[in-house]
Amino acid sequence: MATRTYGILDRLIGEIDKAIKVLASPVHSSRASPDMAGGELELKESERRESSRLMRVNHSGEVAAQALYQGQALTARDGAVAVAMRRAASEEMDHLAWCEERLRELNGRTSLLNPLWYAGSFAIGSLAGAVGDRASLGFVAETEKQVEVHLRGSKDRLPAADHRSRAIVEQMTHDEVAHGAQAATLGADELPFPLRSAMRLTSRVMTKSSYWL
């Protein structure tokens, strides 16, 4: 049987479909949400609001991660790199589902700015992939390093009583470390300092905005 060759229009429709699934559809995870240590505790209203805002930020980060990986997979030159990007995106989908589920439990909502984060991150990912696979992998490694730092800070800021959110963030952190290590193994180049600094600045803008919106 002949293998179908997908044209640019087919691929564009496929990417639009992926974006809709991330932004508009209830997301389903392939893994069960992480168990809580100590069980669910009743949160004060102020604690619930803070947890909701922090988990909204984490959800937005996962929306951006989906777009980054899909953009990089689209323009990757090496098929193995494209496969690795799509596999990471699939694993990150669990994070998206866990955060979305937790937001519902907290009576919270996702960020109004998520379409903007997706579009911008997809463009950045596509550009990184077009530059070259080693640079693209370097972008992944640096992104995951910065995400790890963010998630550890997020866990520290979550109310001590919110065991459920803390367990989710802990597992997300573990997965991000693994993704960064995989990128390094595949041959990631270290990004120049100005680009790393620009990435941190962009992350801060997204974090501050999603916390409130």
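When only modelled atom types and interatomic distance are considered, Asn58 and Glu62 share no side-chain donor-acceptor pair under 3.5 Å. If you check the side chains of Gln70 and Tyr118, you find no donor sitting under 3.5 Å from an acceptor. Residues Trp117 and Ser209 have side chains that never bring a donor and an acceptor to within less than 3.5 angstrom of each other.
Between Asp175 and Arg31 the shortest side-chain heavy-atom distance falls below 4.5 Å. Using a 4.5 Å heavy-atom cutoff, the side chains of Ser52 and Asn107 are not in contact. Counting heavy atoms from C-beta on, the side chains of His95 and Ile168 never come closer than 4.5 Å. In this structure the side chain of Thr143 never reaches within 4.5 angstrom of the side chain of Glu176, judged on heavy atoms. Glu101 is listed as a side-chain neighbour of Arg164, based on a closest heavy-atom distance under 4.5 Å. Put simply, the side chain of Arg200 reaches to within 4.5 Å of the side chain of Glu142, judged on heavy atoms. Taking the side chain as every heavy atom from C-beta outward, Met206 and Val57 never approach each other to under 4.5 Å.
Residue Asn114 comes nearest to Ser60 through the heavy atom pair OD1-OG, 2.8 Å, listed as atom of the first residue, atom of the second, then distance. The minimum heavy-atom distance between Ser154 and Val169, with the atom names listed, is OG-CG2, 4.5 Å. The minimum heavy-atom distance between Gly180 and Ala141, with the atom names listed, is O-CB, 4.2 Å. Closest of all the heavy-atom pairs between Pro115 and Leu112 is CD-O, 3.6 Å. In plain terms, the two heavy atoms of Ser33 and Trp98 that are nearest each other are CA-NE1, 3.5 Å.
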For Leu106 and Ser165, what are the C-alpha separation, side-chain angles and deciding distance, and is it a side chain to side chain contact (heavy atoms under 4.5 Å, CB included)?
-> CA-CA 10 Å; Leu106 292 166; Ser165 297; 4.2 Å; yes

Show your working on side chain to side chain contact (heavy atoms under 4.5 Å, CB included) between Thr173 and Lys155 and close with a plain yes or no.
-> CA-CA 10 Å; Thr173 304; Lys155 184 179 177 182; over 6 Å; no

Passes side chain to side chain contact (heavy atoms under 4.5 Å, CB included), Leu96 versus His59? Steps please.
-> CA-CA 6 Å; Leu96 194 68; His59 180 272; 3.6 Å; yes

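Atom OG in Ser210 sits 11.5 Å away from atom CG in Leu54 (nearest 0.5 Å). How far CD of Gln146 is from OG of Ser203: 6.0 Å, rounded to the nearest 0.5 Å.
The hydrophobic cluster containing Trp212 also contains Leu158, counting ILVMFWY residues as joined when their side-chain heavy atoms lie under 4.5 angstrom apart, directly or transitively. Both Tyr211 and Leu43 sit in one connected hydrophobic cluster of ILVMFWY residues. Membership requires side-chain heavy atoms under 4.5 Å apart, directly or through other members.
A salt bridge links Glu45 with Arg48: the closest approach of a Lys/Arg side-chain nitrogen to an acidic carboxylate oxygen falls below 4.0 angstrom. A salt bridge is defined here as a Lys NZ or Arg NE, NH1 or NH2 lying under 4.0 Å from an Asp or Glu carboxylate O, and Glu50 with Arg157 meets this definition. Under 4.0 Å is where a charged nitrogen must lie from a carboxylate oxygen, and between Asp156 and Arg166 no such pair does. Using a 4.0 Å cut-off between charged side-chain N and carboxylate O, Glu105 and Arg102 make a salt bridge. Here Glu170 does not pair with Arg152 in a salt bridge; the nearest charged N to carboxylate O distance is not below 4.0 Å.
The backbone N or O of Lys44 lies less than 3.5 Å from a partner atom in the side chain of Glu47, making a donor-acceptor pair.
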